[in-house]
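Keep in mind that this is a model prediction, so the values were computed, not measured.
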Amino acid sequence: GHNLGNWHANYWACGNQTLGTNCTSRGYMDIFDVMGAFRASHFNMIHKEKAGWINENNEIQEITNSGNYRILPLEVQQHGIKGLKIRRDINSSYYVEYRRKIGFDSSLYFDFHPRNLTLDGIFIHHDYPSYLYSGDTQLLDMTPGGFSWENITTIYDVVLKGEQTFIDSNTNLRIKLISYNDSEAL
């Protein structure tokens, strides 16, 4: 991954909230990306974009207006939009991706996980602009439970599910999963 220009895949820990003023980047703790988990899985969308494997011309849709948007699973080989890029400010963006149990991502469902969580939802990453985390991606936790080494399982249940809405109060951005199936999310 580093040879392709990618840095680490981290988990953005903000206690019992998704975003906040007292957040910490937990290095290598995005367990859904090979640059964070040291096991076979796909790169997240930011890393695939940096590697040149997907691009804004036909696989990443940059969102500038409110609306409903369809995305394909990140792992599929077919042409189409595989993720959304939403500018947060001049230096950073949110990336929305949909992952399924396909190929390298077959291990995403963690049969060994004690709570047997399913990842039926969408992942949201942030390309944090700070020099300290420059190049690292940050996985946002849509069901935060107060990260701690004693409660490490909170990082397994990070997707935005249908009954939830992600809100960035600084930008008034709202993201909601309307529906999903094996072939797309809306």
Side-chain angles (χ1 to χ4, degrees), residues 1 4-14 17-21 23 25 30 32-33 35-36 42-100 102 105 119-144 158-186:
L4 298 170
N6 291 322
W7 289 96
H8 303 132
N10 299 342
Y11 171 87
W12 195 239
C14 297
Q17 51 192 2
T18 300
L19 295 174
T21 57
C23 301
S25 178
D30 178 352
F32 307 102
D33 185 303
M35 296 303 290
H42 279 266
F43 287 116
N44 66 48
M45 176 163 302
I46 300 170
H47 285 157
K48 285 188 173 199
E49 180 184 38
K50 284 184 181 179
W53 294 348
I54 59 175
N55 62 61
E56 287 187 30
N57 295 331
N58 56 13
E59 294 178 297
I60 300 174
Q61 184 172 359
E62 186 155 357
I63 304 303
T64 57
N65 295 308
S66 296
N68 295 332
Y69 299 92
R70 293 183 191 282
I71 54 176
L72 301 172
L74 188 62
E75 308 89 351
V76 298
Q77 296 297 315
Q78 71 192 63
H79 294 289
I81 301 299
K82 295 184 181 155
L84 308 175
K85 182 177 183 177
I86 306 163
R87 291 265 178 224
R88 184 169 193 263
D89 56 41
I90 194 165
N91 295 314
S92 64
S93 299
Y94 290 115
Y95 287 74
V96 178
E97 63 191 49
Y98 184 51
R99 310 268 297 264
R100 302 308 298 156
I102 300 170
D105 276 353
L119 299 174
D120 292 333
I122 53 178
F123 289 83
I124 301 177
H125 287 86
H126 183 235
D127 58 347
Y128 200 84
S130 163
Y131 78 94
L132 183 60
Y133 306 118
S134 179
D136 290 348
T137 61
Q138 306 296 330
L139 175 62
L140 302 183
D141 190 344
M142 298 297 123
T143 55
V158 296
V159 297
L160 183 71
K161 298 178 178 157
E163 67 275 5
Q164 300 169 294
T165 300
F166 167 65
I167 301 171
D168 179 340
S169 58
N170 291 324
T171 63
N172 205 25
L173 171 71
R174 295 174 184 272
I175 300 174
K176 182 171 179 62
L177 175 65
I178 296 171
S179 65
Y180 67 91
N181 57 42
D182 284 339
S183 60
E184 68 180 16
L186 175 64

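More than 12 heavy atoms of other residues, nucleotides or ligands sit less than 6.0 Å from atom CD of Glu163.
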Pair Val76-Lys82, side chain to side chain contact (heavy atoms under 4.5 Å, CB included): steps then yes or no:
CA-CA 9 Å; Val76 298; Lys82 295 184 181 155; 4.0 Å; yes
- Worked verdict on Glu97 versus Arg99 for side chain to side chain contact (heavy atoms under 4.5 Å, CB included): CA-CA 7 Å; Glu97 63 191 49; Arg99 310 268 297 264; 2.9 Å; yes
Go through the steps for Tyr95 and Thr137 under the test side chain to side chain contact (heavy atoms under 4.5 Å, CB included), then give the verdict. CA-CA 10 Å; Tyr95 287 74; Thr137 61; over 6 Å; no
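Using a 4.0 Å cut-off between charged nitrogen and carboxylate oxygen, Arg100 and Glu75 do not count as a salt-bridge pair.
Between Ile54 and Met45, the shortest heavy-atom contact is CD1-CG, 3.7 Å. Considering all non-hydrogen atoms of both residues, Ile124 and Leu160 come closest at CD1-CD2, 4.3 Å. Scanning both residues, Ile60 and Lys85, for their nearest heavy atoms gives CG2-CB, 3.7 Å. Nearest approach of Leu173 to Ile175, heavy atoms of both residues: CD2-CD1, 4.0 Å. Closest non-hydrogen pair, Gly80 versus Leu72, comes out as CA-CD1, 3.7 Å. Scanning all heavy atoms of the two residues, the minimum distance from Gly20 to Cys14 falls at N-SG, 4.0 Å.
We find the CG-CD1 distance between Leu84 and Ile86 to be 5.5 Å, quoted to the nearest 0.5 Å. In this structure, CG on Leu140 lies 5.5 Å from CZ on Phe166, to the nearest 0.5 angstrom. In this structure, CZ on Phe123 lies 10.5 Å from CG on Asp141, to the nearest 0.5 angstrom. Separating the CG atom in Asp168 from the CG atom in Leu19 is a distance of 5.5 Å, to the nearest 0.5 Å. Annotation: the span from Lys161 atom NZ to Thr143 atom OG1 amounts to 5.5 Å, rounded to 0.5 Å. Taken from NE2 in His125 to CG in Asn44, the straight-line distance is 4.0 Å, to the nearest 0.5 Å.
Counting heavy atoms from C-beta on, the side chains of Ile63 and Tyr69 come closer than 4.5 Å.
His126 and Tyr94 have tilted rings, their planes meeting at an angle from 30° to 60° on a 0 to 90° scale.
For the residue pair Ser93 / Arg88, no side-chain donor-acceptor distance below 3.5 Å is found, with atom types taken as modelled.
None of Ile71, Ile122, Asn68 except one satisfies the side chain to side chain contact (heavy atoms under 4.5 Å, CB included) rule with Leu186; the exception is Asn68.
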